[in-house]
Amino acid sequence: MDPRHADLGRKRQGAVYLAGAGGHRPKVPVDQTALERAAQAAMSAEAWAYVAGGAGREATIEANRAAFARHRIVPRVLHDVETRDLSIELFGRRLPSPLLLCPIGVLKLVHEDADLAVARAAAAMAVPYIFSNQASVPMETCAAAMGDAPRWFQLYWSRSNELVASFVRRAEACGCSAIVLTLDTTMLGWRPRDLDLGSLPFLRGEGIAQYTSDPVFRTQLDPTVEPGVAAVRQFMATYSRPSLHWDDLKFLRQHTKLPVLLKGVLHPADARQAVELGVDGLIVSNHGGRQIDGEIAALDALPAVAEAVNGKIPVLFDSGIRGGADVFKALALGATAVCLGRPYVHGLAVAGQHGVEEVIANVLAELDLTLGLAGCTTVPSVSRSALHGSTECS
Ligand SMILES: Cc1cc2nc3c(=O)[nH]c(=O)nc-3n(C[C@H](O)[C@H](O)[C@H](O)COP(=O)(O)O)c2cc1C
């Protein structure tokens with residue numbers, strides 16, 4: 001076990017309370033609502049709309065949280081939980097915890113150190129970071145700041161297969177150990193908060209660093225216009241491909257040996273098809289409620305997807321994780337690991353790299369305590385029977 005992750009919960013409590021006794025309160029709030037409020041205060045109206053906003057009337061954002069609230073943990077007692085191990089095995093590699101960081105685009109809106117601060121925090125906390133295709137900092141720069149720490153690359157499939165191949169090649173070259181293909185954003189969702197501000201960051205040249213640093217993308221630019229304008233125009237023309245189809249996955253398979261995960265799978269039939277086609281993993285996600293208003297809560301989709309996959313490939317989860325108890329519930333409902341999204345962005349807004357580290361430490365501490373208090377000592381032993389309403393519990 002990574003010593004950084006041993007007895008994490010009590011160590012973290014100890015450190016916070018000891019500092020408190022010395023008159024110091026955490027600069028990065030532990031309470032999620034307070035953290036959100038502090039983050040909002042640190043951001044521009046446009047940045048906050050982009051990060052907090054969802055599709056339509058934001059019923060899916062609400063549903064994500066409501067689904068977590070509906071599930072209740074039923075602890076077991078007298079199980080000797082003195083020693084707890086948060087580690088998991090994923091794609092042949094042991095990870096110190098079941099937590100990864102979601103790909104989140106345009107982080108420059110949130111903090112000037114953007115993806116680089118997150119990369120450093122992820123490496124320091126031994127939590128894999130999934131680089132966004134819409135990052136503000138090129139993947140090579142983030143990778144160089146991470147040493148050997150694990151990172152993955154998230155791909156949006158553009159209209160240019162040459163560009164797709166180039167992104168994947170670069171991801172391999174800078175040490176990414178998996179490719180996450182996001183499938184729920186072949187078009188941007190209808191986002192009233194951004195629409196009412198008339199604000200799309202990409203049009204201002206923000207969040208396109210993976211493109212402007214790409215040798216293939218550069219050859220696609222119109223040389224007759226100013227380079228910044230040409231880049232935005234070419235990005236807008238190429239960035240998404242709604243015609244994407246199951247058959248296209250072959251192209252990706254031919255261009256990488258890395259494990260390929262599909263992000264945004266919610267229907268068990270799609271999960272079964274992915275397994276049949278040799279996909280290496282899934283991420284059950286509704287993109288944090290940003291794509292379809294009234295979409296199923298990701299947590300409600302998880303059990304059926306996990307059942308359809310039947311342990312053949314890992315099933316990761318995101319959308320609505322706000323703390324360690326949420327991680328526990330997702331694990332109990334069939335997730336192999338989970339990805340943290342907006343909360344680390346809030347930490348970034350409040351205190352840069354340090355803020356991201358604090359948020360990760362708090363989530364892991366709460367997970368460690370929840371695990372033990374529920375009567376479990378390892379992540380794989382967390383099962384449906386830990387939740388109210390399962391046949392074993394009722
Ligand atoms: C501001 C913002 C930007 C995002 N950018 C990306 C992205 O570039 N690629 C991607 O696959 N998902 C992106 N997502 C979705 C996240 O990866 C993840 O699915 C989502 O944040 C989970 O919901 P939660 O943060 O509410 O838990 C973004 C989400 C937010 C909030």
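Residue numbers run from 1 in the order of the sequence given. Order of listing sets the numbers, starting from 1, for every ligand and every atom in it. Nothing here was measured: the structure is a model prediction, and the numbers come from that model.
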Colleague: Look at the side-chain heavy atoms of Ile, Leu, Val, Met, Phe, Trp and Tyr, link any pair under 4.5 Å apart, and say whether Leu373 and Val16 land in one connected group.
Modeller: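 No, no single cluster joins them.
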Colleague: Which heavy atom of the protein is the closest neighbour of atom 8 (O) of ligand 1, given with residue, atom name and distance?
Modeller: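 Residue, atom and distance for the closest contact: Ser132 OG, 2.7 Å.
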Colleague: At less than 4.0 angstrom from any non-hydrogen atom of Gly341, what atoms of ligand 1 do you find?
Modeller: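 Under 4.0 Å from Gly341, ligand 1 has these atoms: 25 (O).
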Colleague: Restricting to non-hydrogen atoms, name the atom on Asp85 and the atom on Leu371 that form the minimum distance, rounded to 0.1 Å.
Modeller: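 Closest approach of Asp85 to Leu371: O-CD2, 4.4 Å.
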Colleague: If we ignore hydrogens and angles and just use 3.5 Å, is the side chain of Asp293 paired with the main-chain N or O of Glu58 as donor and acceptor?
Modeller: yes
Colleague: Checking contacts here: is it the side chain or the backbone of Ser319 that comes within 4.0 Å of ligand 1, counting heavy atoms only? Could be both or neither.
Modeller: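 Under 4.0 Å from ligand 1, Ser319 contributes backbone and side-chain atoms.
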Colleague: Nearest non-hydrogen contact with atom 28 (C) of ligand 1 belongs to which option: Gly288, Pro103, Ala49, Ala47?
Modeller: Pro103
Colleague: Given the side-chain rings of Phe217 and Phe235, with only the six-membered ring counted for Trp, is the space between their centroids under 6.0 Å?
Modeller: no
Colleague: Who's the nearest protein heavy-atom neighbour of atom 12 (N) of ligand 1, and how far?
Modeller: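 Answer, as residue, atom name and distance: Lys263 NZ, 3.0 Å.
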Colleague: Ion pair present between Arg10 and Glu82, side-chain N to carboxylate O less than 4.0 angstrom?
Modeller: yes
Colleague: Numbering the atoms of ligand 1 from 1, which are under 4.0 Å from a heavy atom of Tyr50?
Modeller: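 Answer for ligand 1: 1 (C).
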Colleague: Please list the nearest protein heavy atom to atom 21 (O) of ligand 1 with its residue and the distance rounded to 0.1 Å.
Modeller: Ile104 CD1, 3.8 Å
Colleague: Less than 4.0 angstrom from a charged side-chain N to a carboxylate O is my criterion; do Arg65 and Asp326 meet it?
Modeller: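 Looking at Arg65 and Asp326, the cut-off is met.
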Colleague: Would Arg120 and Tyr129 count as a cation-pi pair here, with the cationic atom under 6.0 angstrom from the ring centre and within 45° of the axis?
Modeller: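 The answer is no, since Arg120 fails at least one limit relative to Tyr129.
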Colleague: May I ask you to identify, for Thr182, whether its side chain, its backbone, both or neither come under 4.0 Å of ligand 1 on a heavy-atom basis?
Modeller: side chain
Colleague: So, does Asn64 use its side chain to make a donor-acceptor pair with the main chain of Ala297 at under 3.5 Å?
Modeller: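 Flag not set: sc Asn64 to bb Ala297 has no pair under 3.5 Å.
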Colleague: Is the backbone of Asp194 close enough, under 3.5 Å, to the side chain of Ser199 for a donor and an acceptor to pair up by distance?
Modeller: no
Colleague: List the closest protein heavy-atom neighbour of atom 7 (C) of ligand 1: residue, atom name, distance to the nearest 0.1 Å.
Modeller: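 Going atom by atom, the protein heavy atom closest to atom 7 (C) of ligand 1 ends up being Tyr156 OH, 3.2 Å.
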Colleague: Which of the atoms in ligand 1, numbered in the order shown and given with their element, are less than 4.0 Å from a heavy-atom of Ser285?
Modeller: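 Near Ser285, the atoms of ligand 1 are 19 (O).
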Colleague: Using a 4.0 Å heavy-atom cut-off, say whether His287 meets ligand 1 through its side chain, its backbone, both or neither.
Modeller: both
Colleague: Give the residue, atom name and distance (to 0.1 Å) of the protein heavy atom nearest atom 31 (C) of ligand 1.
Modeller: Arg290 NH1, 3.4 Å
Colleague: Which of the numbered atoms in ligand 1 are below 4.0 angstrom from a heavy atom of Gln154?
Modeller: 7 (C), 8 (O), 9 (N), 10 (C), 11 (O)
Colleague: Under 4.0 Å from a heavy atom of Val51: give me the atoms of ligand 1 that qualify, with their elements.
Modeller: 1 (C), 31 (C)
Colleague: Quick test: of every protein heavy atom, which one is nearest to atom 18 (C) of ligand 1, and how far off is it to 0.1 Å?
Modeller: Asp318 OD2, 3.5 Å
Colleague: I'd like to know if the side chain of Thr238 reaches the main chain of Ser158, judged simply by a donor and an acceptor atom lying under 3.5 Å from each other, with no hydrogens or angles considered.
Modeller: no
Colleague: Hey, would you say the His245 and Trp157 ring centroids sit under 6.0 Å apart?
Modeller: no
Colleague: N/O to N/O below 3.5 Å, does that happen between Arg322 and ligand 1?
Modeller: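 Yes, since at least one N or O of Arg322 sits under 3.5 Å from an N or O of ligand 1.
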Colleague: Report the nearest protein non-hydrogen atom to atom 25 (O) of ligand 1: residue, atom name, distance rounded to 0.1 Å.
Modeller: Arg342 N, 2.8 Å
Colleague: Of Gly54, Gly105, Gly53, which has the heavy atom at the shortest distance from atom 5 (N) of ligand 1?
Modeller: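 Nearest heavy atom to atom 5 (N) of ligand 1 lies in Gly105.
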